[in-house]
Amino acid sequence: QVQLVESGGGSVQAGGSLRLSCVASGSAGIPYYMAWFRQAPGLEREGVAAIYTEGGTAYYAASVKGRFTISRDYHKATVYLQMNSLKPEDTATYYCAARRDSLWGNDPLLTSTYEQWGQGTQVTVSS
């Protein structure tokens with residue numbers, strides 16, 4: 001079992017930047033895949049970015065590509081989400097997710113791909 005703890009959320013004006021962190025802890029070691037999802041009030045949880053922690057291959061939603069960057073520190077079992085050029089529509093609770101196994105054809109940006117979830121961190125972007 002892995003535990004995920006997010007940090008780094010906050011309030012920022014449009015055009016600003018934030019960096020989220022997610023630390024994975026537990027006896028299983030760093031999961032194969034980790035991802036960031038977000039959920040705004042009244043909307044479904046959506047995938048933002050995902051990363052293969054060993055090789056570093058990254059995946060992005062079209063809405064954030066070019067503005068957000070996911071990265072990992074393998075030895076610290078930590079994944080980051082650098083968010084630049086933030087927009088009011090990026091306002092949401094951001095969740096870290098983890099998958100122990102290979103993808104086996106699963107979409108890395110779907111909630112059903114992941115087994116473990118963090119508690120979430122709020123990001124608010126004002127215009």
Side-chain angles (χ1 to χ4, degrees):
Q1 191 90 356
V2 62
Q3 291 80 45
L4 304 174
V5 178
E6 304 103 330
S7 62
S11 297
V12 65
Q13 288 192 325
S17 299
L18 284 173
R19 189 176 83 153
L20 306 182
S21 300
C22 174
V23 180
S25 62
S27 59
I30 187 170
Y32 269 45
Y33 285 85
M34 294 181 70
W36 289 97
F37 288 75
R38 66 186 181 188
Q39 188 167 20
L43 299 180
E44 290 190 356
R45 193 170 296 188
E46 64 171 353
V48 174
I51 191 165
Y52 173 43
T53 57
E54 187 165 338
T57 301
Y59 309 83
Y60 294 96
S63 59
V64 306
K65 202 166 188 178
R67 299 189 298 123
F68 291 10
T69 303
I70 189 169
S71 62
R72 90 287 189 217
D73 185 324
Y74 189 85
H75 297 292
K76 292 183 178 179
T78 301
V79 170
Y80 305 96
L81 185 68
Q82 178 67 44
M83 304 185 294
N84 298 327
S85 302
L86 282 160
K87 304 176 181 180
E89 51 264 43
D90 294 318
T91 295
T93 301
Y94 283 70
Y95 296 90
C96 180
R99 177 181 175 90
R100 293 186 301 270
D101 200 358
S102 299
L103 285 178
W104 301 116
N106 289 293
D107 188 323
L109 294 179
L110 289 183
T111 56
S112 57
T113 297
Y114 297 89
E115 304 113 356
Q116 300 295 328
W117 294 86
Q119 294 299 306
T121 184
Q122 179 67 35
V123 171
T124 303
V125 184
S126 58
S127 57

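The first residue in the sequence is number 1, and the count goes up from there.
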Just how far is it from atom CZ of R100 to atom CD of Q116, taken to the nearest 0.5 Å?
6.5 Å
With respect to T93, which candidate in Q122, Q39, R45 satisfies the side chain to side chain donor-acceptor pair (under 3.5 Å) definition?
Q122
Backbone of D107 reached by a side-chain donor or acceptor of T113 within 3.5 Å:
yes
Closest non-hydrogen atoms of Y60 and T69, given as atom of the first, atom of the second and distance, are OH-CA, 3.4 Å
Least distance between heavy atoms, R38 atom then S63 atom:
NH2-OG, 3.6 Å
Got a second to check how far R67's CZ is from D90's CG, nearest 0.5 Å?
4.0 Å
Which heavy atom of T78 sits nearest a heavy atom of V23, and at what distance?
OG1-CG2, 3.6 Å
Step through the shown structure and confirm whether more than 12 heavy atoms of other residues, nucleotides or ligands are within 6.0 Å of CD on Q13.
no
Hey, does the side chain of E6 reach the backbone of Q119 with a donor-acceptor pair shorter than 3.5 angstrom?
yes
Quick check on E54: does its CD atom have over 12 non-hydrogen neighbours (other residues, nucleotides or ligands) under 6.0 Å away?
no
Can you measure from OG1 (T111) to OH (Y95) and round to the nearest 0.5 angstrom?
12.0 Å
Go through M83 and V48 one step at a time and tell me if the side chain to side chain contact (heavy atoms under 4.5 Å, CB included) criterion holds.
CA-CA 11 Å; M83 304 185 294; V48 174; over 6 Å; no
Residues A14 and P88: closest non-hydrogen pair is CB-CD, 4.1 Å
Are L81 and V2 joined in one hydrophobic group, where the rule is that I, L, V, M, F, W and Y side chains link up if heavy atoms are under 4.5 Å apart?
yes
Per ring pair (Phe, Tyr, Trp, His ring centres under 6.0 Å), Y114 is matched among W36, Y33, F37 by F37
Relative to Y80, does R19 satisfy both conditions: NZ or CZ under 6.0 angstrom from the six-membered ring centre, and within 45 degrees of the ring's axis?
yes
Quick one: pull up OH in Y32 and CG in L103 and give me the separation to the nearest 0.5 Å.
11.5 Å
Nearest 0.5 angstrom please: R99 CZ to S112 OG, how far?
9.0 Å
T124 side chain vs T91 backbone, donor-acceptor pair below 3.5 Å:
no
Compare every heavy atom of G55 with every heavy atom of R72, then report the nearest pair and how far apart it is.
NH2-C, 3.7 Å
For T53 versus Y74, what's the shortest heavy-atom pair and its separation?
O-CD1, 3.3 Å
Rounded to the nearest 0.5 Å, the OH atom of Y94 sits from the OG atom of S7 at a distance of 15.0 Å
